[in-house]
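Just so you know, ligand 1 is whichever comes first in the structure, and atom 1 is the first atom listed for that ligand.
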Amino acid sequence: MISVVVPVYNEERSVALLYDELHSSLQQLGQPWEAIFADDGSDDGTFAALTRLHAAQDNVVVVRLRRNFGKAAALAAGFDQAKGETVVTIDGDLQDDPAEIPRLLAKLDEGFDLVSGWKSHRRDPWTRRQMSKLANTVTGWVSGIRVHDMNCGFKAYRAEVVHGLRLYGELHRYIPVLAYHRGYRIAEIPVNHRPREHGRSRYGPERYLRGFLDLLTVSFIGRYRSRPLHLFGGLGLVLGLAGTVILGYLTVLKILGHSIGGRPLLLLGVLLVVVGLQFFSLGLISEMITSQHEERGAERERAERLVDEILS
Ligand code: UDP
Ligand code: MG
């Protein structure tokens with residue numbers, strides 16, 4: 001079964017049209033499918049439109065969030081309802097073309113766990129396209145994952161990937177990074193993109209600043225979540241060592257009878273040692289938090305998701 005998850009926020013004019021397009025694209029595959037609409041606290045007629053759709057079709061599930069929590073929350077709520085072995089996410093604004101779903105699925109069948117769409121001929125304003133390009137380049141540097149279009153809402157997954165994700169805040173933007181750190185195989189294919197016909201984009205330019213902070217979160221958690229001391233402790237050791245060398249040098253000078261009280265170097269040495277100790281203890285504290293977490297079994301559950309295959 002294929003579960004199509006659609007986050008919608010004030011898309012009353014699009015949902016019925018989207019369902020029809022999904023229907024014509026998916027029925028030719030000859031597999032059962034369901035459409036899960038996650039209504040992210042819309043305040044227009046979206047929920048009414050979804051209620052009508054639900055009454056008319058037997059493969060429509062509607063999840064209504066209590067208020068507007070953001071796309072990540074909407075996706076997470078939708079994923080919770082998904083029963084299929086394959087999950088597709090698609091934006092609810094008709095910009096993604098449902099006719100591309102079979103291609104995404106075919107790529108998934110080649111042995112990938114996540115196939116991301118890439119809006120190669122993007123139909124958005126020029127500034128938006130340039131900013132997005134820049135954002136994707138920076139993301140590539142920081143995260144080490146080179147995809148053209150990280151934040152494309154149009155993706156296909158093996159269900160396991162989606163059920164292991166913990167999406168909150170605006171982390172939906174970095175799903176490929178989160179998945180990559182869990183060892184999933186990721187691919188990208190160009191997809192058709194269409195201009196927005198109804199309403200406007202729900203995001204303004206502030207998305208880039210927030211996005212950058214989220215990128216740090218995602219990259220940090222992905223790399224160091226189970227070994228924070230390697231980051232903080234490493235940094236602390238390097239700084240502390242530099243400080244110790246400086247202070248040692250000054251001590252020798254002092255013993256030789258020079259006056260060191262007025263040397264800026266003294267200040268630097270003391271600063272480095274103090275900051276180094278700070279970092280080091282921060283690392284130890286993080287390490288304690290991580291191990292607590294592990295004892296509570298949250299990590300054990302996670303470990304199951306790290307296994308690809310078992311031959312027994
Ligand atoms: N969306 C949502 N909650 C929000 C903002 C957006 O569920 O708080 C949905 C929106 O209805 C659309 C998708 O996320 O289906 C992508 O949003 P949008 O088209 O505004 O973003 P853009 O295409 O400009 O990246
Ligand atoms: Mg859009």
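- Among Arg196, Lys119, Gln95, the residue whose heavy atom lies closest to atom 23 (O) of ligand 1 is Gln95.
- Within the model, atoms CG of Leu50 and CD of Glu11 stand 10.5 Å from one another, a figure rounded to the nearest 0.5 Å.
- The heavy atom nearest to atom 13 (C) of ligand 1, considering only Asn68, Asp91, Asn10, is found in Asp91.
- In Asp93, the N, O or S atom that comes nearest to the Mg ion (ligand 2) is OD2.
- Checking only distances, Arg128 does come within under 3.5 Å of ligand 1, N or O to N or O.
- Less than 4.0 angstrom separates some heavy atom of Glu11 from each of these atoms of ligand 1: 10 (C), 11 (O), 12 (C), 15 (O).
- Around atom 4 (C) of ligand 1, the closest heavy atom drawn from Asp124, Leu18, Leu65, Asp40 belongs to Asp40.
- The closest approach between Gly70 and ligand 1 falls below 4.0 Å for a heavy atom of the residue.
- Residue contacts with ligand 1: Gly92 is placed with a nitrogen or oxygen under 3.5 Å of a nitrogen or oxygen of the ligand (distance criterion only).
- Between Phe220 and Phe232, the ring-plane angle classifies as tilted under the 30° and 60° cut-offs.
- Of all atoms in ligand 1, listed by their number and element, those nearer than 4.0 Å to a heavy atom of Ser201 are 20 (O), 21 (O), 22 (P), 24 (O).
- In this pair, His23 and Trp33 present their aromatic rings tilted. The plane angle is within the 30 to 60° band.
- Ligand 1 is approached by Arg207 to a heavy-atom distance shorter than 4.0 Å.
- By the 3.5 Å distance cut-off applied to N or O atoms, Tyr9 is counted among the residues near ligand 1.
- In summary, the atoms of ligand 1 found under 4.0 Å from a heavy atom of Asp93, numbered by their order in the structure, are 15 (O), 18 (P), 19 (O), 23 (O).
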